Amino acid sequence: MAKEAPPQPTSSKATTDNKKPHTKLPLLTKNQKISKRPLLHAPIASPRTSSSTPKIIYVSASSPFISVVKRVRTYLDAIEARAAGKLSLEGGDQRLLKGIERGVNSTGGNGEGKRDEEVLIKGTGKAIEKVVRLAAWWGGQSDVRVVVRTGSVGAIDDVIQEEGEGGEEESRVRRVSCLEVGIRLR
């Protein structure tokens with residue numbers, strides 16, 4: 001019993017209609033060099049900022065594991081405090097109990113209260129391994145939900161001329177893999 005070759009597509013156009021072709025960057029000449037810029041990202045938010053500000057922690061390959069864990073826990077504690085609201089002792093015990101009850105009802109059960117904020121941990125390149133380890137560690141915690149997302153980020157590289165030749169400087173955009181871990185309180 002002879003093995004038959006799989007049928008070949010009759011037209012290459014039929015298989016590539018959905019995808020746009022990948023265009024490679026042009027080759028560099030001998031007197032050109034690439035200078036990599038740092039990745040662009042939003043400024044780091046304070047833990048006490050409003051709930052509308054994204055809480056993002058950027059991780060590098062050399063970021064200490066425990067420091068990142070403590071930073072995330074600080075953000076989560078601030079989210080919890082913000083969700084509980086302010087309590088006042090001025091109105092008496094009855095008013096204090098009503099305030100506590102309101103806080104419990106707004107954050108309990110279905111997670112539809114103010115605790116719907118998310119702390120994001122992001123890493124690219126070599127840092128993806130550390131972000132995966134952080135996601136696994138946070139996944140073992142009982143008080144949080146962890147969501148892992150992948151994506152890519154545009155990095156800008158400058159092409160510079162060596163030996164002081166008077167050519168134009170140009171910039172290139174390359175895509176870098178990115179791993180994002182979202183951590184929410186239960």
Side-chain angles (χ1 to χ4, degrees), residues 34-91 95-159 169 171-186:
I34 290 181
S35 172
K36 295 181 178 181
R37 292 187 198 173
L39 294 176
L40 299 174
H41 57 75
I44 298 170
S46 167
R48 289 166 202 73
T49 57
S50 71
S51 61
S52 62
T53 306
K55 312 294 185 280
I56 303 173
I57 298 171
Y58 297 97
V59 176
S60 69
S62 61
S63 297
F65 186 87
I66 296 299
S67 296
V68 175
V69 168
K70 287 181 179 180
R71 225 174 293 155
V72 171
R73 182 53 71 187
T74 302
Y75 278 128
L76 292 174
D77 290 344
I79 290 169
E80 180 105 39
R82 209 174 12 260
K86 296 181 181 178
L87 295 176
S88 175
L89 298 175
E90 294 175 3
R95 188 170 179 188
L96 179 63
L97 288 174
K98 285 183 181 180
I100 292 172
E101 185 178 335
R102 242 185 334 214
V104 169
N105 289 338
S106 69
T107 60
N110 55 11
E112 294 177 353
K114 296 178 186 174
R115 288 173 43 155
D116 202 26
E117 295 179 60
E118 183 176 53
V119 179
L120 296 174
I121 302 174
K122 289 186 178 185
T124 59
K126 287 182 183 178
I128 288 178
E129 177 193 356
K130 186 158 288 193
V131 173
V132 168
R133 286 191 291 141
L134 284 161
W137 189 87
W138 280 106
Q141 303 299 307
S142 62
D143 62 335
V144 295
R145 285 181 283 151
V146 178
V147 178
V148 179
R149 299 180 206 84
T150 60
S152 63
V153 179
I156 301 173
D157 296 335
D158 294 321
V159 178
E169 281 198 18
S171 296
R172 295 177 164 188
V173 177
R174 65 185 159 87
R175 304 304 292 178
V176 179
S177 298
C178 175
L179 186 68
E180 181 178 289
V181 175
I183 302 170
R184 294 175 185 262
L185 290 169
R186 285 193 190 263

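Numbers here are sequence positions counted from 1. Values in this document were obtained by computation on a predicted structure and should not be read as measured data.
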Problem - Enclosure of Gln141 CD (heavy-atom neighbours >12, cutoff 6.0 Å) - result: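 Yes, because the 6.0 Å sphere around CD of Gln141 holds more than 12 heavy atoms from other groups.
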Practice task
Would you mind listing every salt bridge (charged side-chain N to carboxylate O under 4.0 Å, His left out) that reaches into residues 45-66, with sequence neighbours excluded?
Solution key: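 Of all non-adjacent pairs touching residues 45-66, those that pass salt bridge (charged side-chain N to carboxylate O under 4.0 Å, His left out) are Lys55-Glu117.
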Are [X] and [Y] within salt-bridge range, i.e. N to O under 4.0 Å?
X: Arg184; Y: Asp143; result: no
X: Arg37; Y: Asp157; result: no
X: Glu118; Y: Arg149; result: yes

Smallest separation among heavy atoms of [X] and [Y], with atom names:
X: Gly125; Y: Val176; answer: N-CG1, 4.5 Å
X: Ala155; Y: Leu39; answer: CB-CD2, 3.5 Å
X: Ala78; Y: Pro47; answer: CB-O, 3.2 Å

Exercise for the section: Report yes or no: does Arg172 contribute a side-chain atom to a donor-acceptor pair with the main-chain N or O of Ile34 at less than 3.5 Å? Expected result: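 No; judged by distance alone, with no hydrogens or angles, the pair does not exist.
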Problem - Sidechain-backbone polar pair: Thr74 side chain, Lys70 backbone, donor-acceptor under 3.5 Å - result: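 The answer is yes, because a donor-acceptor pair under 3.5 Å joins these two groups.
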Exercise for the section: Could you pull out all residues at least two apart from Ser60 that satisfy side-chain hydrogen bond (donor to acceptor under 3.5 Å, both in side chains)? Expected result: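 With neighbours one apart ignored, the set is Ser62, Ser63.
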Practice task
Report the distance from atom OH of Tyr75 to atom CD1 of Ile56, rounding to the nearest 0.5 Å.
Solution key: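 So the OH of Tyr75 and the CD1 of Ile56 are separated by 9.0 Å.
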Practice task
List the steps and the verdict of side-chain hydrogen bond (donor to acceptor under 3.5 Å, both in side chains) for Ser35 and Asp158.
Solution key: CA-CA 5 Å; Ser35 172; Asp158 294 321; 5.1 Å; no
Problem - Positive for side-chain contact (heavy atoms from CB on, under 4.5 Å) with Val131, one of Leu179, Ile57, Val68 - result: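 Single side-chain contact (heavy atoms from CB on, under 4.5 Å) partner of Val131 among Leu179, Ile57, Val68: Leu179.
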